[in-house]
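Given the structure is predicted, the values throughout are model-derived calculations rather than measurements.
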Amino acid sequence: MHRWSELFIPTLREAPADAEVASHKFLVRAGYIRQLAAGIYSYLFLGNRSFNKIVAIVRQEMDKIGQEFFLPALHPRELWEASGRWALMGDNLFRLKDRKGADMCLGMTEEEVMTEIARKELRSYKQLPQIWYQIAPKFRDEPRPKSGLLRVRQFMMKDAYSFDIDVAGLDVSYKKHYDTYCRIFDRCGLKYMVVEADSGAMGGKESHEFMVRTPAGEDQIVSCDGCNYAANMEKATSKLWPVDDLAAEGDGKPLEVHTPGQKTIEDVAKYLGVSPKNKIKTLALMAEEKDEKTGKTKSRGIVVLMRGDHQLNEAKLNGAVAVATRPMEEGEIKALFKSPAGYLGPVGIEWARDLKKDTHLPVLLVDKALEGRTNLIGGANKEDYHLKNLTPGVNFHPTAYVDLRAVTAGEACPNCGNALRIDPAVEIGHIFKLGDRYTQKMGARVLDKNGKEVTPIMGCYGIGIERILTAAVEQSNDENGFWLPPSIAPFEIVVTPINVKDETLLRAAIDLAAQLEAAGFDVILDDRDERPGVKFKDADLVGIPFRINVGRKVTEGTVEVVLRSTRELRDVTISAVVEHFRGALRAQA
RNA sequence: CGGGGAGUGGCUCAGCCUGGUAGAGCACCUGGUUCGGGACCAGGGGGUCGGAGGUUCAAAUCCUCUCUCCCCGACCA
């Protein structure tokens, strides 16, 4: 039996000064964790117990669809060069040298190691599909660790990798993970949402993120209360109300209008007496890319056109061009547009026809909201002048139409038209159709039914173990502490004798705890010789969902059962306690 | 990497501006009184003031450098 008096549960009356978010404050105060360095934490007794319960749930569910491995965290440089990630990962990869001076790194994920095994061992379609997973530490040299366990440099991750003979197989493996993740997060008692996610520059096709809403979250998710639409900001869209285009003026060809000193969208729209919706917003950006061979930096103009009243979503842009961009400098603007900022437009410049080809030409990306619009007003590339009668595809030729618009709260849901909301959220899981990126590069090949060599198709699937804990704490706390779902709480029930010097009370409490333990509950006995107030405060703080007060009423055969989440208090006869908890725990506090 | 803030006993912080015996509350130890929501009284232990250098008769305090931590931003397959 776990006796509080013998355990190390260093609770703190005050939160450490450097803790900001609720989960950080409470996990430290409750004695779950202690910080070792920025983004590096030790798990103490309670923290580790909760952690192990989460891991056990993840393992149980994953074992139904896959096989657990345990892979090294220390990897040789060659492996990461084979996948191309040695260069790609930059400073986020922890790098070190061994005594011989050979470069090594600490794994951020294990695609390379898993693919290496697949490459060496898998020969035939008969061996597929495979789902391999592990639960192991991961390392990322984050530029800015923050928010306690939310963004750390060492963390535990369940990472799984699937290998299939073809895309149809991948779809099956992906679906298995999707369903498994739902089961895992359900069992962990989290209120989560599944959102469509951006697959980024990694060439994947489909991707979902599992998110938990919390003010501490770093991601923004767009969702609809009217239907089940939910998406990451990078992927979210909304329904636009139709806009009336302006009538063509004059002969319908681009028409120069004098707009002296009118530089902003607002100014020009007001000056010309039109809505910003009929204006083109021209954003001049620069993409800079290092040539891996020559080491030289190549830059290329990226010009983005948005509807006048719309904002650019940079994540969408990054996804579209697959390189980092920055605003153009004054000289660069002059060089391309031959005009000062404020009067920029797409007309009269030769744009690349294709993003990949024509790399010597600047790129013109036009937001989808402008596709099909006519007679817009944009800059004339001439100081104090704008152009009327601009129609995309007629007066200028976009390199591509892309969805680049940032959705804002209150816009209409693309599915049902309800108002969309935007909330901060924490990502607790991410599933990803990888394709053949790794298997191709690293030379994994199997023979198919026809004896033809094919490249296996991969999926990768991650769950952040500490983020489950963090999200659970964020989700359920008040000024006194937090309460965890019974499935992941370090203990389900704390039995609190009001006065341990009273032999009757103590004995009754011990008996009750033993009974509950025998019935399979995870119980801690708070047998400390402390005043009741101290024990109550601690019990409220440390995340245990139920408390049983053993007080004077034991002489009448009853104890008090307290539900931490609501503070609801109920007298229960001792003989009925076990039965009571069977029901209560089934109802998942 | 840019901007901001902070390092003083285990924790939260005061003292620094204006240099002169290192403080408070909580926690801890001993004794006593208490005992259903972080008790009270008495006594006690514990700090190279992040580090290095400098100015000064004298530095937690002033100056220079440096390390660490936190926050905002950039970044985050």
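Counting any heavy atom pair closer than 4.0 Å across all strands shown, A:R34 reaches no nucleic acid atom. Within 4.0 Å (heavy atoms only), A:P16 reaches sugar-phosphate atoms of the nucleic acid but no base atom. A:M157 comes within contact range of at least one nucleobase, with a heavy-atom separation under 4.0 Å.
Considering only side-chain atoms of A:K537, the nucleotide from B:G37, B:A77, B:G36 that sits closest is B:G37. Distance from the side chain of A:F432 is smallest for B:A77 among the nucleotides B:G38, B:A77, B:G36.
In summary, A:E568 and A:R570 engage in a salt bridge, as defined by a charged side-chain N under 4.0 Å from a carboxylate O. By the 4.0 Å N-to-carboxylate-O rule, A:E530 lies too far from A:K535 to be salt-bridged with it.
By the ring-ring contact (aromatic ring centres under 6.0 Å, His included) test, A:F210 is found to be paired with A:Y178, A:Y181, A:F185, residues two or more places apart in sequence or in another chain being considered. Scored by the salt bridge (Lys or Arg N to Asp or Glu O under 4.0 Å) test, A:E314 finds no partners at all (sequence neighbours excluded). With sequence neighbours excluded, the residues that form a ring-ring contact (aromatic ring centres under 6.0 Å, His included) with A:Y43 are A:F51. For A:E6, there are no salt bridge (Lys or Arg N to Asp or Glu O under 4.0 Å) partners, not counting sequence neighbours. Take A:R547 and apply the salt bridge (Lys or Arg N to Asp or Glu O under 4.0 Å) test, not counting sequence neighbours, and it matches A:D540. Among residues two or more places apart in sequence or in another chain, the ring-ring contact (aromatic ring centres under 6.0 Å, His included) test is passed with A:W132 by A:F69, A:F163. The ring-ring contact (aromatic ring centres under 6.0 Å, His included) test applied to A:H2 returns A:F45, A:F491, not counting sequence neighbours.
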Practice prompt. Between protein and nucleotides 70-75 of chain B, map the contacts as a letter string: B base, S sugar-phosphate only, - none, heavy atoms under 4.0 Å, written 5' to 3'.
Written response: SBBBBB
Response to the item:
Scoring nucleotides 23-35 of chain B by protein non-hydrogen atoms under 4.0 Å (B base, S sugar-phosphate only, - none) yields --BSS------BB
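Straight-line distance from the CG atom of A:N549 to the P atom of B:G37: 11 Å, rounded to whole Å. If you take CH2 of A:W80 and P of B:A77, they are 12 Å apart, rounded to a whole angstrom. Residue A:H430 contributes atom NE2, which lies 9 Å from atom C1' of B:A77 at whole-angstrom precision. The NZ atom of A:K25 sits 15 Å away from the C1' atom of B:C11 (whole-angstrom rounding). In this entry the distance linking CG of A:D571 with C1' of B:G36 reads 13 Å, nearest Å. We find that CG of A:D538 is positioned 15 Å from C1' of B:C11, with the value rounded to whole Å. When the C1' atom of B:G38 is taken as reference, atom CZ of A:R528 falls 10 Å away, rounded to whole Å. The CG atom of A:L569 sits 12 Å away from the P atom of B:G37 (whole-angstrom rounding).
The neighbour count for A:Q67 CD, taken as heavy atoms of other residues, nucleotides or ligands under 6.0 Å away, is above 12. Heavy-atom neighbours of A:R34 CZ from other residues, nucleotides or ligands within 6.0 Å: above the threshold of 12. At most 12 non-hydrogen atoms from other residues, nucleotides or ligands lie less than 6.0 angstrom from CZ of A:R507.
Contacts of residues 106-119 of chain A with RNA chain B (heavy atom under 4.0 Å): A:T109, A:E111.
Each of A:F26, A:F482, A:F8 was evaluated against A:Y32; a single residue qualifies, A:F482, per the ring-ring contact (aromatic ring centres under 6.0 Å, His included) test.
Screening residues 135-159 of chain A for ring-ring contact (aromatic ring centres under 6.0 Å, His included) gives no qualifying pairs among residues at least two apart or on separate chains.
Checked by atom type and distance alone, the side chain of A:H75 pairs as donor or acceptor with a backbone atom of A:P72 at under 3.5 Å.
Side-chain atoms of A:R547 and base atoms of B:G36 include no donor and acceptor less than 3.5 Å apart.
Taking atom C1' on both nucleotides, B:A59 is separated from B:A22 by 13 Å, rounded to a whole Å.
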All N/O contacts under 3.5 Å from nucleotides 42-47 of chain B to the protein, with atom names and distances to one decimal?
none

